[in-house]
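Contents: one structure, followed by commentary.
Chain A is the first sequence line, chain B the second, and so forth, proteins listed ahead of strands; every chain is numbered from 1.
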Protein chains: 2
Amino acid sequence: MKTGANFLEKKDVSKATLERLPLYLRFLQEESGRGTEYISSSVMAQAIAVSSVLVRKDLETVSSEAGRPRLGFKTARLIADIEKFLGYDNLSDVVLVGAGGLGKAFLGYEGFKSNGLNVVAAFDCNPQVVGKEVAGKPILHLDEFDEFVKAKKIRIGIIAVPKRAAQEILDKMVGAGIKAVWNFAPAPLYAPKGVIVKTEDLAASLAILAGKLYRLDMDEKEKV
Amino acid sequence: MKTGANFLEKKDVSKATLERLPLYLRFLQEESGRGTEYISSSVMAQAIAVSSVLVRKDLETVSSEAGRPRLGFKTARLIADIEKFLGYDNLSDVVLVGAGGLGKAFLGYEGFKSNGLNVVAAFDCNPQVVGKEVAGKPILHLDEFDEFVKAKKIRIGIIAVPKRAAQEILDKMVGAGIKAVWNFAPAPLYAPKGVIVKTEDLAASLAILAGKLYRLDMDEKEKV
DNA sequence: CTGATATCGATAAAAAAATATCAAAATTGG
DNA sequence: CCAATTTTGATATTTTTTTATCGATATCAG
């Protein structure tokens, strides 16, 4: 049986590379702030704990300019290239559904902006929170969702509602024209083709970390 | 296949597999709740959108019992096996530093518990939050951190403080004996060998999603 | 000017991960 | 009981990702 879910591999950049690019970017921005004009692949490699060859290979696909022997890459240019590749240059509006603990945290989370993202509003049904503001962002009633999203032509949504409501919200999002969804409800969701869904299972992520620790312990005990 | 006792074998499980296991687990728990007794690899594959061969390969490393032709795997047994492998069977205590928006969200986040994790307390410096409780979990002053962690022999910590304080907190954690750290500050941290650090960059994760959408758009435009 | 050297980029090799294929096993339905 | 069918598990193959190697090149020091 073939159940390929990889409809997103148009460009020939690997998923792994895609996840390293923001790390490079963050480091480069820091260095640039310190006035570094040129930066070598080995320095970048050191910073994010990978090999320098891998850095060069990653950059190969996104850099518009070759690195210069003995100097490295031009920091500013590299930043611009990565930002362009990741689409940070055109600020994207994002909506959030679910203004519970996690939802509010997102509204207040700084750092989205520097990655080209702008959370514009949250939606909820709970009358206790509807009408309030968090970090200057309004919490609106879910009834207004469709109109709002369509009017603003928003393409990205975050789901931070309880599990049981998640699929319903996803459908609502798709209906309103949203094309990419970041899901924090611990449930696999089904979306039509052409809509990207990334489910982020925080509990599982932490559990994986704990599991590594656990197995590390086991190994040590074995040795003795 | 290697020799020796099945349950003490050193597992060489790939990172990719490790990330799929929680997905299998969640699905299996759901199915088990519906009374499913046996489950086939192809059903599981369908559920999390991978190939059935891959499912079998993943299970091979963790399942204590072979699947039965024509029936599949015993659901309950599989759940127990995965939970054991991931270390969910022995509840791990976790501490959190930083009781801002994100930190509070974690205190209230349900779902950790079902993954064998128990967030026992948060720590902060801000007198406005110290002494309060969120979801029944106390927020203590950072001064008490060391004693608390050592007394309870806690091994896992979550960092939810601003970037500039992150490295300092990590060092404090290491000093108190913590061995695994989940870092939400958008900064690469340096830890001594033997301490696992996983940095979770939320803004970057969302940006990656947005970037995929962006490139999808570009591709479509290219076609026209 | 000249040579030493750090750094890149290309190519090759290795390692890791995913997929394909198929015989063997065992349940199911007659 | 027996054949048909489904599903596993092993092996082989392909694809993807990472690492290793090395000649070319441009800067820097003297």
Within residues 27-45 of chain A, residues whose heavy atoms come under 4.0 Å of DNA chain C: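 Contacting residues: A:Ser40, A:Ser41.
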If the condition is side-chain contact (heavy atoms from CB on, under 4.5 Å), which residues does [X] pass it with, not counting sequence neighbours?
| X | value |
| --- | --- |
| B:Ala165 | B:Val161 |
| A:Ala203 | A:Asp201, B:Tyr109, B:Phe112, B:Asn115 |
| A:Ala16 | A:Ser14, A:Arg20 |
| A:Ala160 | A:Leu96 |

For atom [atom1] of [X] and atom [atom2] of [N], their distance in whole Å:
| X | N | atom1 | atom2 | result |
| --- | --- | --- | --- | --- |
| A:Glu60 | D:dT17 | CD | C1' | 13 Å |
| B:Glu19 | C:dA16 | CD | P | 17 Å |
| A:Leu59 | C:dA10 | CG | C1' | 15 Å |
| B:Asp58 | D:dA10 | CG | P | 15 Å |
| A:Lys15 | C:dA17 | NZ | C1' | 12 Å |

Closest listed nucleotide, where the reference is the side chain of B:Ser14 and the choices are C:dA17, C:dA10, D:dT17: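 When the side chain of B:Ser14 is considered, C:dA17 is the closest of C:dA17, C:dA10, D:dT17.
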Salt bridge (Lys or Arg N to Asp or Glu O under 4.0 Å) contacts in which one or both residues fall within residues 162-189 of chain A, not counting sequence neighbours: A:Lys163-B:Glu30
DNA chain D contacts made by residues 49-57 of chain A, counting heavy atoms under 4.0 Å: A:Ser51, A:Val53, A:Leu54, A:Lys57
All salt bridge (Lys or Arg N to Asp or Glu O under 4.0 Å) counterparts of B:Lys113, not counting sequence neighbours: none
Close side-chain approach of B:Leu28 and B:Met44, heavy atoms under 4.5 Å: yes
Base-contact (B) and sugar-phosphate-only (S) positions in nucleotides 23-30 of chain C, heavy-atom cut-off under 4.0 Å, - elsewhere: --BSBS--
Please list every donor-acceptor pair under 3.5 Å in which a side-chain atom of residues 180-189 of chain A meets a protein atom from a residue at least two apart or in another chain.
unit_1, atom_1, unit_2, atom_2, d
A:Trp182, NE1, A:Glu200, OE1, 2.9
A:Asn183, OD1, A:Ala185, N, 2.8
A:Asn183, ND2, A:Ala185, O, 3.1
A:Asn183, ND2, A:Ala187, O, 3.1
A:Asn183, ND2, A:Thr199, OG1, 3.1

Exceeds 12 heavy-atom contacts within 6.0 angstrom, atom CD of A:Glu19: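 Correct, the count exceeds 12.
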Listed once per pair and sorted, the side-chain hydrogen bond (donor to acceptor under 3.5 Å, both in side chains) pairs that draw on residues 47-57 of chain A, sequence neighbours left out: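 Every side-chain hydrogen bond (donor to acceptor under 3.5 Å, both in side chains) pair that includes a residue of residues 47-57 of chain A, provided the two are not neighbours, is A:Ser41-A:Arg56.
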In residues 73-80 of chain A, what donor-acceptor pairs under 3.5 Å come from side-chain atoms, sequence neighbours left out?
unit_1, atom_1, unit_2, atom_2, d
A:Thr75, OG1, A:Thr36, O, 3.2
A:Thr75, OG1, A:Glu37, O, 2.9
A:Arg77, NH1, A:Ser64, OG, 3.1

